[in-house]
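Atom set for the values below is all heavy atoms of this structure, side chains included, hydrogens, waters and symmetry mates excluded. Residue numbers count from 1 along this sequence.
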Amino acid sequence: MGAEPGSAMNTEDRSHRLQLLAASQTIATRRPPTLLYFLLAVLAVFTLSYEVRLTYQNLPQWFGRNDAPVRPFFAEDIGTEPITISFLTHEAAQAGLKAGDELVAVNGKPVVGTFVFGEAMHKARAGDVLRVTVARGSEPRTAAIILRRSGGHDWVGYVAMVLLVVVVPLLSLGIGFWVAALRPRDPLAWLLLTFLATFAVFYNADAEAWGPVVRDLAVIYRFGVESALPIAAVLFGIYFPEPFPRQGRWLWWYRVMWLLIVPSALLGLAFTVDDVGTVENRAAVMGLDRALAALGTALPSLLILACFLAFFAALGVKWKLAASADSKRRLSLMFWGTVLGLGPVTVLQVIAGIVNQPVEIYFHWWVFMPAYCLTALVPVTFAYVIVVQRAMDVRLVLRQGLRYALARNGIRVLQILLTAIVISTAATLLAGENAKRPQKITAIAVGIGLVWLLRRGAKHLHASVDRRFFRDAYNAEQILSELGDQVRTIVETRPLLETVAGRIAESLHVPRVAVLLDGGQPYRPAYAIGYDPVPDVLFHGDGATVEWLRKEREPARVYFQDPNSWIYREPAMTDAERAQLAALETELLLPLAVKDKLIGFMSLAPKLSEEPFTGSDLRLLKSLAAQTGLALEVARLTTAMGEEIAQRERLNRELEIAREVQERLFPQELPAVPGLDYCGRCRPAREVGGDYYDFLELPEGKLGVAIGDVSGKGLEPR
């Protein structure tokens with residue numbers, strides 16, 4: 001009859017089941033990203049302070065400072081030369097100064113760093129005399145410059161300054177911080193913030209005039225963010241809106257990425273340190289200056305050019321290979337918007353870097369000013385692509401979130417107003433001269449009761465608003481947490497599949513979802529939503545689809561229009577298998593795996609909006625698939641344990657019946673033998689034994705005893 005009951009589940013299998021059951025109980029819900037929000041708030045305060053000071057420095061009349069003077073020149077370092085002057089005003093030229101003069105002292109104070117000139121300008125007012133000592137060759141000379149009042153811009157220059165100092169920074173930072181606040185856990189959101197923040201520091205902030213410590217932080221921020229632009233551009237091109245695959249011919253993109261961002265980061269750090277030293281103590285960074293000068297000016301410029309070319313190339317490749325018309329439209333807008341916005345200024349800066357001259361000196365203003373103004377196209381393009389074209393799924397958050405916030409805040413305001421009315425009415429009754437003690441007690445009791453009822457009513461209204469606006473339909477993190485809680489508590493396969501497939505379809509607006517499970521047979525639909533009828537498809541374990549999911553262990557996109565898609569490149573993929581995927585209308589496949597075992601997979605049809613699944617969608621779905629796979633394995637093991645327990649109980653019952661039958665085979669009445677008392681008993685080692693005895697009444701008053709024994713224990717055959 002085989003092994004004894006319960007022996008089918010060996011020790012290793014028991015251990016595996018217990019581990020899975022324990023793991024399913026330890027999937028923790030994700031906490032709100034409090035630390036990320038705190039970091040975002042600190043960055044927002046710092047950047048806003050920087051932009052306010054930048055505007056104050058360049059448009060002082062907006063702040064009521066009508067006596068602010070115009071800078072007669074700019075103090076800067078070029079290569080290994082001392083601090084020199086450039087961009088001279090008419091008044092500075094009339095005082096006998098020339099571009100390239102070494103700045104020695106300002107108002108009698110030696111210039112050890114550009115902060116000396118910055119502090120002098122910060123204290124000066126229009127009409128003051130600024131005494132400047134310069135060295136031209138070996139002759140120092142002092143010039144007296146009468147400072148002119150700021151605000152005399154021509155309308156073209158004024159419009160350009162407002163655009164570059166106010167409009168572009170506010171638009172760039174607004175988009176960046178808004179997306180990061182909506183998606184704090186999304187690395188792409190922080191990358192977008194870094195990329196757009198570079199357009200907020202494009203204009204000179206004159207940070208050397210901001211006072212100790214503050215000026216150093218401002219310089220580090222400005223030049224650090226500026227240096228991050230080419231790095232952010234490369235990363236953005238490779239990862240946005242979806243990353244290149246990390247396999248096959250796409251791997252070289254990631255190799256190029258590291259070849260570009262590592263030297264760019266090192267050079268950016270070196271130049272930032274050099275800029276801080278120029279502000280505070282020029283002599284302290286002369287050694288670093290010499291090292292940077294040894295590299296030449298052409299190498300950094302060409303490196304920046306290579307970064308932007310990689311950025312444009314990555315966007316162009318994604319645009320050409322995009323499978324859906326929606327993706328092509330978004331990527332074409334991003335490509336042309338960034339090319340027109342960054343292309344001209346990149347070319348000008350590379351040329352100026354090669355000739356070792358500032359852009360504003362080497363080129364005429366009608367060349368560089370339009371190029372600078374065109375940079376406004378970049379944040380405008382990103383705003384349009386993200387908000388209107390839904391590149392990062394934030395339009396739904398904006399629409400639903402705003403309505404949700406208004407509804408909930410309206411409830412709070414109504415609750416506060418009604419509570420105030422109740423309290424004031426009760427207070428009026430209590431203060432009345434004619435009010436007696438019973439009336440006062442009644443007023444207090446009624447007031448407390450009404451406040452309690454208002455609180456309860458507001459709680460129910462909040463719950464109703466939550467259901468009305470479906471917060472979990474657009475808050476991916478909340479979906480993951482709630483669904484994780486539900487998955488852990490479901491130990492039956494059917495309810496588990498219904499819950500997971502239903503929530504995915506509801507939250508991501510996917511009309512058709514199918515879950516295919518193995519079950520010892522080819523993978524067939526075990527549960528489906530949106531099909532009428534469910535397609536009769538099956539995928540063999542050695543087929544291309546199952547092998548791909550088992551090997552990659554990642555969500556797999558299915559592009560029927562793209563000849564370079566894996567469903568056409570896989571040699572084992574047959575037309576019949578592609579037809580089955582088409583019957584499911586598959587756009588995304590999610591593997592449901594535990595360790596090295598592929599339990600099944602989910603097929604997701606295109607969204608109702610026809611937009612592709614974003615990187616954020618993939619991260620969410622990958623996490624859900626991992627939890628679902630674990631829960632399915634736990635459900636399978638739980639079912640197996642239940643069946644084993646039922647089988648054991650059934651066997652125990654059968655053995656109990658066999659034991660009762662065997663006992664009835666033994667003599668129930670003993671033959672009487674005069675002068676002899678006797679008895680018989682059989683005690684089997686297990687439920688049923690192989691022993692037998694009987695007492696036989698023989699002629700002539702004799703007694704026969706029969707004894708039988710079968711070798712072995714229990715029912716095991718021997």
Side-chain angles (χ1 to χ4, degrees), residues 241-242 322-330 389-391 393 395-396 470 472-474 476 479-480 483 494 496-517 522-539 543-546 548-549 552 554-563 565-568 570 573-592 598-626 628-629 632:
E242 298 169 9
S324 67
D326 192 59
S327 296
K328 284 184 177 292
R329 182 170 58 253
R330 283 199 293 257
Q389 296 294 322
R390 294 174 293 179
D393 287 344
R395 193 174 72 165
L396 179 63
F470 299 105
D472 57 348
Y474 62 84
I479 292 174
L480 178 61
L483 193 54
R494 180 74 179 187
L496 173 65
L497 299 182
E498 291 178 354
T499 301
V500 174
R503 290 299 301 276
I504 289 177
E506 173 190 356
S507 60
L508 297 179
H509 308 290
V510 179
R512 282 170 290 282
V513 179
V515 184
L516 296 91
L517 299 181
Y523 294 82
R524 296 179 180 272
Y527 182 77
I529 293 177
Y531 297 96
D532 188 20
V534 178
D536 185 15
V537 297
L538 59 88
F539 295 84
T545 301
V546 175
W548 177 273
L549 294 174
E552 298 297 328
E554 295 284 341
R557 298 179 184 273
V558 178
Y559 295 132
F560 292 102
Q561 299 85 2
D562 184 7
S565 178
W566 65 273
I567 63 173
Y568 296 105
E570 278 294 301
M573 178 69 74
T574 62
D575 292 338
E577 198 163 349
R578 278 190 288 268
Q580 294 189 88
L581 291 174
L584 293 171
E585 300 180 39
T586 305
E587 184 172 304
L588 186 69
L589 293 173
L590 297 175
L592 306 176
L598 184 67
I599 300 174
F601 58 91
M602 297 180 66
S603 169
L604 276 62
K607 297 181 182 179
L608 288 174
S609 61
E610 297 184 356
E611 63 179 352
F613 291 93
T614 65
S616 178
D617 293 337
L618 295 183
R619 285 188 291 275
L620 167 65
L621 293 171
K622 183 179 178 181
S623 298
L624 292 181
T628 304
L632 283 171

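Counting only distance, with no hydrogens or angles, the side chain of Tyr527 and the backbone of Val513 share no donor-acceptor pair below 3.5 Å. Side chain of Glu577 to backbone of Gly543: no donor-acceptor contact under 3.5 angstrom is found. In terms of modelled atom types and a separation under 3.5 Å, the side chain of Thr586 and the main chain of Leu581 share a donor-acceptor contact. No side-chain donor-acceptor contact under 3.5 Å links Glu585 to the backbone of Arg512. Between the Trp548 side chain and the Trp566 main chain, no donor and acceptor come within less than 3.5 Å of each other. Between the side chain of Arg578 and the main chain of Ile567, a donor-acceptor pair closer than 3.5 Å is present.
Counting heavy atoms from C-beta outward, Leu604 and Leu589 have side chains that stay 4.5 Å or more apart. Side-chain contact check for Thr545 versus Met573: some heavy-atom pair is nearer than 4.5 Å.
Val534 approaches Pro525 most closely through the heavy-atom pair CG1-CB, 3.9 Å. The two residues Tyr531 and Ala514 come nearest to each other via the heavy atoms CE1-CB, 3.9 Å. Listed here is the closest heavy atom pair of Arg494 and Ala526: NH1-O, 3.5 Å.
Listed by chain and number, the residues in a ring pair (Phe, Tyr, Trp, His ring centres under 6.0 Å) with Phe601 are Tyr523, Phe539 (sequence neighbours excluded). Residues passing the salt bridge (Lys or Arg N to Asp or Glu O under 4.0 Å) test with Asp532, sequence neighbours excluded: none.
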side-chain contact (heavy atoms from CB on, under 4.5 Å), that's the test. Do Leu496 and Glu498 meet it? Break it down for me.
CA-CA 5 Å; Leu496 173 65; Glu498 291 178 354; over 6 Å; no
